[in-house]
Amino acid sequence: MNFDNFDAVAAAEAELCTIINAALQKATAAGTLPGAPAPAFVVEIPADTANGDFATNVAMVGAKAYRLPPAKIAAAIVQQLNLTGTRFNKVEVAGPGFINFFLNQQYFEDVITAALTLEENYGRTNYGGGEKVNVEFVSANPTGPMHLGNARGGALGDCLAATMEWAGYNVTREFLINDAGNQIVKFGHSLSARYMQHFLGEESHPFPEDGYHGADITALAEDYIAEYGNALLNTGEDERAAALAAYALPTNIAAMKAALQTYNINYDVWFSEQTLHDSGEVDAAVEKLTARGYTYTQDGALWYKATAFGAEKDEVLVRQNGIPTYFAADIAYHYNKFAVRGFERAIDIWGADHHGHVARMKGAMDAIGLDGSKLDIVLMQLVRLTRGGEQVRMSKRTGNAITLVDLLEEVPIDAARFFFNLQGPGSQMDFDLDLAVAENAENPVYYVQYAHARICSLIKTLAAEGAVFKGAQGLNLSLLRHPTEVELTRHISYLPGEIKAAARTYDPARITRFAIDLATLYHKMYAACRVKGEDAALQQARLALTIATRTAIANCLRLLKVSVPESM
RNA sequence: GCGCUCGUAGCGCAGCUGGAUAGCGUGUCAGACUCCGACUCUGAAGGUCGUGGGUUCGAAUCCCGCCGGGCGCACCA
């Protein structure tokens with residue numbers, strides 16, 4: 001058996017579609033079904049395995065085309081079904097006309113063998129066909145520290161990227177540095193005010209009303225003074241602001257890189273927005289839109305006809321003062337992703353408060369001659385921290401809003417990455433600080449890691465008694481008949497498909513939930529089926545399942561970049 | 001006002017390319033197990049799937065209206 005690109009579920013579904021279509025043809029030829037185009041049926045896994053391992057609705061959806069009651073259609077199909085040589089050994093008609101299929105033993109044995117053979121690659125597929133995908137996430141403003149939203153976005157984006165890699169996409173992780181535009185100017189003037197206040201007193205230099213008030217701004221100004229003294233005291237405000245910003249930006253960016261690295265996030269590309277202005281790509285994008293007839297001038301500004309592409313209102317591309325807007329830069333940026341760097345798909349992870357930007361950004365891709373449907377935006381809802389059931393807003397230490405760095409000082413990296421992926425991006429999330437640091441089964445990440453550690457311990461214990469797994473050859477896996485063994489194996493068989501589904505729906509939370517369910521099923525099996533002390537054949541079979549389980553759990557954790565402890 | 005998004009058991013959530021009796025965790029109550037690692041199991045209780053229509057053989061799922069929460073509607077990003 002070839003395990004390359006192994007997905008037991010997909011293979012079984014494909015096989016069912018084939019034999020069902022064959023049965024339809026034979027039934028038509030035999031005259032038990034009227035000649036009509038084959039109905040668009042689906043094959044799926046019933047919620048309750050009492051209704052089979054797989055089921056199809058072909059008889060129900062075909063009722064209209066065949067002008068026959070579903071039960072009669074189902075009977076005609078079942079009569080012609082040939083299960084010989086397939087993964088299935090039993091079929092039945094049930095309920096309103098479902099045809100239910102039951103797997104034979106071989107399916108389960110193949111799953112265990114595949115996990116044992118593929119090891120750290122079990123779960124990987126080429127579903128994505130190597131499609132070149134850019135995943136951009138966090139892209140925090142370099143004017144200040146990263147916040148909780150960035151923490152969620154980081155865990156989400158990095159795990160989404162990993163999910164897509166496992167599903168066979170060619171993924172680039174990217175961080176856009178917003179080192180141009182208004183907020184950098186504001187940043188500079190805020191630094192300048194702190195700088196001047198240092199030498200001339202608080203009252204001397206009014207702080208800009210829309211400036212950044214954080215303590216980090218003062219600290220950066222102090223750092224500059226410590227290094228370079230009062231050289232900027234007598235320069236013009238703009239020159240001073242620019243000099244301070246040019247000093248502080250690299251400092252902040254380096255801090256972000258360091259923080260994200262401790263968060264186990266490593267980007268392939270740190271993309272500077274400023275380079276788009278310097279290279280003329282922003283101007284070129286604006287010109288391209290103009291050439292295509294989608295801009296106009298009004299009140300001295302250059303507008304883009306966003307309404308022609310589904311947006312609610314038109315947008316300014318170049319301000320009256322001649323400076324392009326962020327929107328113009330963003331169009332150039334995404335143009336660069338597709339047209340310059342050749343990504344076939346771009347995925348952006350944004351805070352839900354940016355949702356108003358989605359339609360116009362996608363529309364702008366169409367306007368500039370690309371395909372807006374290749375740009376997908378994942379909107380992420382906000383997250384609240386709770387401790388003792390109460391919302392936590394401020395850091396006790398700094399008195400400011402809790403930053404990503406604050407969070408990681410309190411909560412293990414594993415817990416942060418896992419917790420932020422417990423729910424899909426669209427749900428408003430409460431992050432329970434008490435639970436995240438808890439070392440007990442209530443804590444889902446601990447629970448999953450514990451299952452893995454327990455397996456490792458069991459294997460070690462058995463090895464001490466001389467009971468070592470002898471490999472896939474000569475196994476009698478048909479001995480694994482206990483319901484908990486079957487359900488565990490079944491769940492392991494779902495892993496490749498689950499990763500595909502997570503990649504397709506941009507929802508890595510499926511992986512954390514899968515891992516939790518897997519751990520639960522293992523614990524159930526462990527409680528019901530002993531390995532130690534069983535006769536050799538059964539012991540080897542159970543060791544095989546145990547090791548396959550370890551592989552599946554470990555691969556989920558590896559994908560999430562959560563540590564995989566052998567003991568804890 | 002317009003738009004996006006969410007609304008499922010006391011609480012936290014899954015299910016949403018339409019399928020069978022709506023699940024999981026937690027919490028409450030009653031019990032079992034406690035043997036390879038702290039695990040696990042059984043039972044009880046808990047639901048107008050926000051609401052009203054529509055489409056369908058079939059709707060938590062798709063469509064429309066309404067109610068409620070969050071967010072957005074800058075020559076900010």
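Below, read A as the first sequence line, B as the second, and so on, with proteins coming before strands; counting in each chain starts at 1.
For A/Arg513 and B/C24, the shortest distance from a side-chain N or O to OP1 or OP2 is not below 4.0 Å. Phosphate proximity of B/C6 to A/Gln428: absent, as no side-chain N or O sits under 4.0 Å from OP1 or OP2. Residue A/Lys64 places at least one side-chain N or O under 4.0 Å from the OP1 or OP2 atom of B/C57. Side-chain N/O atoms of A/Tyr304 include none lying less than 4.0 angstrom from OP1 or OP2 on B/C75. For A/Arg319 and B/A77, the shortest distance from a side-chain N or O to OP1 or OP2 is below 4.0 Å.
In this model, a side-chain donor or acceptor of A/His355 finds a partner on the base of B/G3 within 3.5 Å. Evaluation of atom-type donor-acceptor distances gives a pair under 3.5 Å for the side chain of A/Asn100 against the base of B/A20. Residue A/Asn57 places a side-chain atom within donor-acceptor reach of the base of B/G19, judged by atom type and a 3.5 Å distance cut-off alone.
Here A/Tyr522 and A/His452 keep their ring centres 6.0 angstrom or further from each other. The ring of A/Phe175 has its center no closer than 6.0 angstrom to the ring center of A/Phe271.
Using atom C1' as the reference point in both B/G50 and B/A60, the two lie 12 Å apart (nearest Å). If you take atom P in B/C6 and the same atom in B/C13, they sit 14 Å apart, rounded to whole Å. For B/U28 and B/C73, the P atoms lie 45 Å apart once the distance is rounded to whole Å. Distance noted for atom P between B/C24 and B/U40: 14 Å (whole Å). Of the C1' atoms belonging to B/U42 and B/G58, the separation is 34 Å, rounded to the nearest Å. Here the separation of B/U26 from B/G19, taken at their P atoms, is 27 Å to the nearest Å. Separating the P atom of B/G47 from that of B/U8 is a span of 14 Å, rounded to the nearest Å. Taking the C1' atoms as reference points, B/G46 lies 15 Å from B/G12, given to the whole Å.
Here A/Asp330 lies out of heavy-atom contact (under 4.0 Å) with every strand. Counting non-hydrogen atoms under 4.0 angstrom, A/Phe327 reaches nothing in the nucleic acid. Using a 4.0 Å heavy-atom cutoff across all strands shown, A/Ala359 reaches no nucleic acid atom at all. Residue contacts for A/Lys186: at a heavy-atom cut-off of 4.0 Å it reaches no nucleic acid atom on any strand shown. Among the heavy atoms of the strands lying under 4.0 Å from A/Asn178 are primed sugar atoms or P, OP1, OP2 only; no base atom is included. Counting non-hydrogen atoms under 4.0 angstrom, A/Ala352 reaches the backbone sugars and phosphates but no base. Residue contacts shown for A/Arg542 are absent, as no nucleic acid heavy atom lies under 4.0 Å away. Here A/Gln381 lies in heavy-atom contact (under 4.0 Å) with sugar-phosphate atoms only. Using a 4.0 Å heavy-atom criterion, one finds that A/Val318 contacts no nucleic acid atom at all. At the heavy-atom level, A/Cys456 lies nowhere under 4.0 Å from the strands shown.
For A/Arg384 and A/Asp432, the salt-bridge test fails: no basic side-chain N is under 4.0 Å from an acidic carboxylate O.
Counting only N and O atoms by type, the side chains of A/Ser272 and A/Asp179 include a donor and acceptor under 3.5 Å apart. Between the side chains of A/Asp283 and A/His277, no donor-acceptor pair of N or O atoms lies under 3.5 Å.
Residues forming a side-chain contact (heavy atoms from CB on, under 4.5 Å) with A/Gln381 (at least two apart in sequence, or on another chain): A/Arg152, A/Ala352, A/Gln428.
Here the side chain of A/Glu44 is nearest to one of B/G37, B/G19, B/C75, namely B/G19. Checking B/G37, B/C75, B/C57 against every side-chain atom of A/Gln320, the shortest atom distance belongs to B/C75. Of the candidate nucleotides B/G12, B/A77, B/G37, B/G12 has the atom lying nearest to any side-chain atom of A/Gln423.
A/Asp434 contributes atom CG, which lies 7.0 Å from atom OG1 of A/Thr386 (distance to the nearest 0.5 angstrom). The structure places CG of A/Leu148 at 11.5 Å from CE of A/Met146, a figure rounded to the nearest 0.5 Å. Rounded to the nearest 0.5 Å, atoms CZ (A/Arg542) and NE2 (A/His482) are 7.5 Å apart.
The nearest heavy atom of RNA chain B to A/Glu312 and to A/Gly356 marks one nucleotide each, and the one closer to the 5' end goes with A/Glu312. Each of A/Gly300 and A/Asp48 was assigned the nucleotide of RNA chain B with the nearest heavy atom; the assignment lying further toward the 5' end belongs to A/Asp48.
Judged by centroid separation below 5.5 Å and plane tilt below 30°, A/Phe98 stacks onto the base of B/A20.
With a cut-off of 3.5 Å on both pairing distances, the Watson-Crick and G-U wobble pairs of RNA chain B assemble into stems of 3 or more at B:1-7 with B:67-73, B:10-13 with B:23-26, B:28-32 with B:40-44, B:50-54 with B:62-66.
Counting only heavy atoms from C-beta outward, the side chains of A/Ile331 and A/Met361 approach each other to under 4.5 Å.
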